[in-house]
Amino acid sequence: MDRVGLYIHIPFCERKCLYCDFYSGKYSDEVKEKYVEELIAEIKSVGERAKNKKLKTVYIGGGTPSSLPPELIEKIAFAVYENFDNDIREFTIEVNPNSNADFGKYKEIGINRVSVGVQTLDDALLRKIGRLHNSAEALRCLDDANKYFDNVSADLMIGLTENQDVKKDLSVISDRVKHLSAYMLKVEDGTPLQKLILNKFVSVATENAIIKQYEEVAETCKEKGFIRYEVSNFTRSGYESKHNSSYWNMTDYYGVGAAAHSYVDGARYYNSADIDAYINGLHSGNGSQIIERVYSVAEDKEEYVMLALRTCSGLNLDDYRKRYDEDFIVAYATKLDKIKNYIDISNGYVRIKEKYILVQNSVIAELI
Ligand code: SF4
């Protein structure tokens, strides 16, 4: 039976962070309740369509899932259990430090992994990017999460300013987590942060500083016993995110909720980014999903190669052969020859050498 993942989008936030272009906003309790009713309807319908698949991972992301009352999170979790043939190995919820997460309840309903949006422990930087929490709240949240969960992850951001002290943050956080995601700040079009930068009210790190900060993160994580398994993701042994890994190896996943994306049976589709439409039933549960792309085999192959080579373990030759009924080394022989100095081929995998991880996009571009 094919395995599948489920992503559940909770598009509610108390206030928009200045850099954020995710689909989220502040809504009333009434809207939140209606939204969850529709989520449950969509979960039922997706469960029907997934009858021949076994659900292995669930990820409640946002937005701020922990801004929902715990009883609503419970309803969502039970809808998943009731409507999917499941053998759930990993069930994650994202929380923000200031959002009254109820870890006891989350554990009781079967969630087994928590991802905390720490971003930085520098209070001035947290204010600069418009986060609602401070560093003391972030640490308290991590400590509270650790009372209930073995598998706690933290999100960090780098590139917030020229001299961001990522080593200092990691020295405080690393004992409190099993997994770390370190993302580079992207200044997205149309965000308040972009306007502030264009008007020269604030500045962020230069490219060289970002590279330095990334290298410091990688180095400190290594010293602290973390393994890098994807360009932005570091883990203690055995705590790799199973859900995110399924995005990288193109395992099918359903996304439910406004703006959620799915990849199933070689096609990508999504719900419209419109909460009002969603609570009026416009979603995949009623056949209203938008088809983004139906992949040809050649396109599917390109995407698979690109995603697999972004991971540190690399492209699994056996998996490739099973998926496409051809030998990767033979099919890509000429192209592989051009990038031979940048890659390792061993133990059934093709991977980009660690020292070239920051130029991996250019290496991958030679292949696809
Ligand atoms: S908490 Fe996350 S989703 Fe919400 S506004 Fe901030 S960055 Fe965006």
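What you are looking at is a predicted structure, and each value in this text was computed from that prediction instead of being measured. Here, residue 1 is the first one in the sequence, and each next residue gets the next number.
The pair E230-R310 counts as a salt bridge, with a side-chain nitrogen and a carboxylate oxygen less than 4.0 angstrom apart. With respect to the salt-bridge test (charged N to carboxylate O, under 4.0 angstrom), the residues D87 and K56 qualify. Salt-bridge check for K167 with E219: passed, with a basic side-chain N closer than 4.0 Å to an acidic carboxylate O. We find that R228 and E354 are joined by a salt bridge, their nearest charged nitrogen and carboxylate oxygen being less than 4.0 Å apart. Between K26 and E14 there is a salt bridge, since a side-chain N of the basic residue sits under 4.0 Å from a carboxylate O of the acidic one. Ion pairing of K322 with D319 is absent here, as no side-chain N (NZ or NE/NH1/NH2) approaches a carboxylate O to less than 4.0 Å. Using a 4.0 Å cut-off between charged side-chain N and carboxylate O, R140 and D143 make no salt bridge. Remark: K34 engages E30 in a salt bridge, criterion side-chain N to carboxylate O under 4.0 Å. Look at E216 and K212 and you find a salt bridge, because one of the NZ, NE, NH1 or NH2 atoms lies within 4.0 Å of a carboxylate O, short of that distance.
In this structure, S28 contributes its side chain and V31 its backbone to a donor-acceptor pair below 3.5 Å. Using a distance-only test at 3.5 Å, with no hydrogens or angles considered, a donor-acceptor pair links the side chain of Q213 to the main chain of G159. Listed for the S174 side chain is a donor-acceptor partner under 3.5 Å among the backbone atoms of L170. With hydrogens and angles ignored, the 3.5 Å screen pairs no side-chain donor or acceptor of E74 with any backbone N or O of K105. A side-chain donor-acceptor contact under 3.5 Å links N86 to the backbone of F84. Listed for the N112 side chain is a donor-acceptor partner under 3.5 Å among the backbone atoms of R89. For the pair N271 (side chain) and Q289 (backbone), a donor-acceptor distance under 3.5 Å is absent. Distance alone, capped at 3.5 Å, places no donor-acceptor pair between the D300 side chain and the S296 backbone. The backbone N or O of V118 lies less than 3.5 Å from no partner atom in the side chain of R131, so there is not a single donor-acceptor pair. No donor-acceptor distance shorter than 3.5 angstrom exists from the side chain of D337 to the backbone of A333, with no hydrogens or angles considered.
With hydrogens and angles left out, the side-chain atoms of H261 and Y263 include no donor and acceptor closer than 3.5 Å. Side chains of Q164 and D169: a donor-acceptor N/O pair is absent below 3.5 angstrom, by distance only. No side-chain N or O of R3 forms a donor-acceptor pair with one of Y253 less than 3.5 Å apart. With hydrogens and angles left out, the side-chain atoms of Y349 and N316 include a donor and acceptor closer than 3.5 Å. A donor-acceptor contact under 3.5 angstrom links the side chains of N96 and T64, judged on distance only. With no hydrogens or angles considered, a side-chain donor-acceptor pair links E303 and Y295 at under 3.5 Å. A donor and an acceptor atom, one from each side chain of Y59 and E94, are located under 3.5 Å apart. T251 and N249 share a side-chain donor-acceptor pair at under 3.5 Å. Looking only at atom types and distance, the side chain of R351 has a donor-acceptor partner in the side chain of S346 under 3.5 Å away.
Annotation for K128: atom NZ counts as buried by contact number, over 12 foreign heavy atoms lying within 6.0 Å. Around the CG atom of N199, the shell of radius 6.0 Å holds more than 12 heavy atoms that belong to other residues, nucleotides or ligands. Under a cut-off of 6.0 angstrom, the local environment of NZ in K16 is crowded, with over 12 non-hydrogen atoms contributed by other residues, nucleotides or ligands. Other residues, nucleotides and ligands contribute at most 12 non-hydrogen atoms within 6.0 Å of the CG atom of N347. By the neighbour-count criterion of 12 heavy atoms within 6.0 Å, atom CZ of F22 is sparsely surrounded, having that number or fewer from other residues, nucleotides or ligands. Around atom NZ of K53, more than 12 heavy atoms belonging to other residues, nucleotides or ligands sit under 6.0 Å away. When the shell of 6.0 Å around OH of Y342 is examined, it contains 12 or fewer heavy atoms from other residues, nucleotides or ligands. Counting heavy-atom neighbours within 6.0 Å of Y148 OH, excluding the residue itself, gives a total of 12 or less.
Taking 4.5 Å as the limit, every side-chain heavy atom of I88 sits out of range of all side-chain heavy atoms of T57. Looking only at side-chain heavy atoms (C-beta outward), V350 and L317 come within less than 4.5 Å of each other. A heavy-atom distance below 4.5 Å is not found between the side chains of Y183 and L156.
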| Residues D189, Q194; criterion side chain to side chain donor-acceptor pair (under 3.5 Å); working and verdict | CA-CA 7 Å; D189 283 348; Q194 188 196 40; 2.9 Å; yes
| said: Evaluate T191 against D21 for side chain to side chain donor-acceptor pair (under 3.5 Å), listing each step before the verdict. | reply: CA-CA 7 Å; T191 55; D21 75 338; over 6 Å; no
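Between F12 and Y27, the two ring planes are perpendicular [angle over 60°; tilted spans 30° to 60°]. Between Y106 and F103, the two ring planes are perpendicular [angle over 60°; tilted spans 30° to 60°].
If you chain together hydrophobic residues whose side chains sit under 4.5 Å apart, Y239 and I227 never meet in one group.
The aromatic ring centroids of Y278 and H283 lie less than 6.0 Å from each other. Checked against a 6.0 Å centroid threshold, the rings of Y229 and F234 do not count as neighbours. Between Y324 and Y304, the gap from one ring centroid to the other is short of 6.0 Å.
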